[in-house]
Amino acid sequence: MADETSIKVSAATRDRLSALAAEHGTTIRQLVEELAEGRPTRAEYTERAEQARAELASALGAAPSEQAEAKARGLLERLGARQDPAAA
C-alpha cells in the first residue's frame, strides 16, 4: 500500500513489541497504531485545556485562576502516579 511506511527500532525493542503484541492478541502494527492514536500531542492537550477552561467559565461564570489550575493539575498528577504500577 502507498500509505505504509516502516520505522527502525533496536532488535530488543522489536522483540519486546512482538511479545507485547502476542500477549494482547494483536500485531506490532496494531500495537504501535493504538499507541500513536491513544496519546494526544501537545497541541491536542492545549486545545483540550482551552475547551475545558471555556466550559468551566460558561458553567461557573468565570474561568479558574492559574493557581486553581496548578492545584488541580498537581492533584491529577498525584492521582495518576498512584494508579501507575511503575510508580509504586
Side-chain angles (χ1 to χ4, degrees):
M1 290 185 185
D3 66 340
E4 291 183 357
T5 189
S6 59
I7 58 173
K8 293 185 182 227
V9 297
S10 68
T13 298
R14 180 210 53 222
D15 293 345
R16 180 166 175 78
L17 288 169
S18 180
L20 288 167
E23 286 179 6
H24 289 90
T26 189
T27 64
I28 292 175
R29 176 186 179 145
Q30 290 171 325
L31 191 69
V32 171
E33 286 177 353
E34 288 173 12
L35 173 66
E37 292 170 7
R39 294 196 61 173
T41 63
R42 287 185 187 196
E44 291 167 333
Y45 272 124
T46 299
E47 182 180 344
R48 290 177 185 180
E50 290 170 3
Q51 289 173 345
R53 279 187 206 97
E55 288 182 28
L56 284 170
S58 175
L60 302 175
S65 67
E66 288 184 26
Q67 278 184 318
E69 283 189 37
K71 188 175 180 179
R73 190 175 303 109
L75 174 63
L76 290 172
E77 287 172 358
R78 286 192 305 277
L79 289 172
R82 290 185 186 143
Q83 293 176 359
D84 183 1

Exercise. Counting N and O atoms only, with roles assigned by atom type, does the side chain of Thr46 sit under 3.5 Å from a partner on the main chain of Arg42, one being a donor and the other an acceptor?
Worked result: yes
For this session: Report the C-alpha distance between Arg53 and Glu50 in whole Å, list the side-chain angles of each, state the deciding distance to 0.1 Å, and finish with yes or no for side-chain contact (heavy atoms from CB on, under 4.5 Å).
Result: CA-CA 5 Å; Arg53 279 187 206 97; Glu50 290 170 3; 3.9 Å; yes
For this session: In plain terms, say whether Arg73 and Glu77 are close enough for a salt bridge, that is, a side-chain N and a carboxylate O under 4.0 Å apart.
Result: no
For this session: Please test Thr13 against Leu17 for side-chain contact (heavy atoms from CB on, under 4.5 Å), starting from the C-alpha separation and ending with a verdict.
Result: CA-CA 6 Å; Thr13 298; Leu17 288 169; 4.0 Å; yes
Problem set entry | Gln51 atom CD, over 12 foreign heavy atoms within 6.0 Å | yes
For this session: Please round to the nearest 0.5 Å and tell me the distance separating atom OG1 of Thr27 and atom CD of Glu33.
Result: 7.5 Å
Problem set entry | Heavy-atom closest pair, residues Ala21 and Ile28 | CB-N, 3.7 Å
Problem set entry | Heavy-atom neighbours of Glu44 CD exceed 12 at 6.0 Å | yes
Problem set entry | Which atom of Pro40 lies closest to which atom of Arg48, heavy atoms considered | CG-NH1, 3.3 Å
Problem set entry | Nearest non-hydrogen partners of Ala63 and Ala57, listed with the distance | N-CB, 3.8 Å
For this session: Nearest 0.5 Å please: distance from the OG atom of Ser10 over to the CZ atom of Arg16.
Result: 11.0 Å
Exercise. Taking it one step at a time, do Glu4 and Arg29 satisfy side-chain contact (heavy atoms from CB on, under 4.5 Å)?
Worked result: CA-CA 11 Å; Glu4 291 183 357; Arg29 176 186 179 145; 2.9 Å; yes
